[in-house]
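Note sheet for the following structure.
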Amino acid sequence: MEQRIGSNSQPLKGEPVTGAGFDPAFIPGLTGPAAQGKAEDAEPTAEKAESAEAEGSSAPADSVPEAEAAGSEEESAEEGGPVFEAADRRARIVADRRGVRLALDAEECEFTWPEIAAVETETARFGKRFTVTVHTPDRRWYPIEIEAASRARFAEWDASMDAVLDAYFESE
């Protein structure tokens, strides 16, 4: 019996190879083949990077979103009203007048109050984990767990979360 190694179908030399089988980032109708724009786009990107470094504008441009984020957090604190905030070494939950923000490691998501169908809190029967689950109207849920220093914090966090939900969440 004869055994072959490799593919029998080789692409024609004149036509470019496209499709998801050859380029995992290719989505028909949304993206073009990756090979078409690589050579043309490489030089302008390098020139833009060099000009940005020469002007020194890259550092202030990067710090602008951080300044806006800090300003928006200060606005929520200045407005008053109840705020729930809990964090551990990996996760963070903030609920205030703007909505609920969840963060786990480098991933973050934010839900405004109209986007939320329900917020559920749960404490572990054993251990020191406090779970907050945000439910959306399209039947998706986003749970996050915070590890408490002691089980005594659960009552404090539960009362604080209830105060925020009573103040901002409108059940219809």
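Since this is a predicted model, take the numbers as computed values, not measurements.
- With rounding to the nearest 0.5 Å, the separation of OG1 in Thr112 from CD in Glu115 is 3.5 Å.
- Residues Trp113 and Val100 form a side-chain contact, since some pair of their non-hydrogen atoms from C-beta on lies under 4.5 Å apart.
- Summarising the geometry of Met161 relative to Thr121, their closest heavy-atom pair is CG-CG2, 3.8 Å, with the distance given to 0.1 Å.
- Two residues are said to be in side-chain contact when any heavy atoms from C-beta on lie closer than 4.5 Å; Arg101 and Glu108 fail this criterion.
- Rounded to the nearest 0.5 Å, atoms NE2 (His135) and CH2 (Trp141) are 8.0 Å apart.
- For the pair Glu85/Arg92, a side-chain contact is recorded, criterion being any heavy-atom separation below 4.5 Å from C-beta on.
- Contact detail for Ala103 and Ile144: the closest heavy-atom pair is O-CD1, 3.2 Å.
- Taking the six-membered ring where tryptophan is involved, the planes of Phe84 and Phe130 are tilted, since the angle between them lies from 30° to 60°.
- Interatomic distance, Phe154 CZ to Ile146 CD1, rounded to the nearest 0.5 Å: 10.5 Å.
- No donor-acceptor pair closer than 3.5 Å links the side chain of Asp105 to the backbone N or O of Glu107.
- Separation of atoms CD (Glu145) and CD1 (Ile93) is listed at 9.5 Å; rounding is to 0.5 Å.
- Scanning all heavy atoms of the two residues, the minimum distance from Phe169 to Ala117 falls at CZ-O, 3.2 Å.
- At least one side-chain heavy atom of Leu102 sits less than 4.5 Å from a side-chain heavy atom of Phe111.
- Distance check: Glu110 CD to Arg98 CZ gives 5.0 Å after rounding to the nearest 0.5 Å.
- Not one N or O on the side chain of Glu156 forms a donor-acceptor pair closer than 3.5 Å with the backbone of Arg153.
- Within the 4.5 Å cutoff, the side chain of Thr136 has no heavy atoms near those of the Ile116 side chain.
- Between Glu122 and Arg129 there is no salt bridge, since no side-chain N of the basic residue sits under 4.0 Å from a carboxylate O of the acidic one.
- Of all non-hydrogen atoms in Ala167 and Pro82, the two that sit nearest each other are CB-CG, 3.6 Å.
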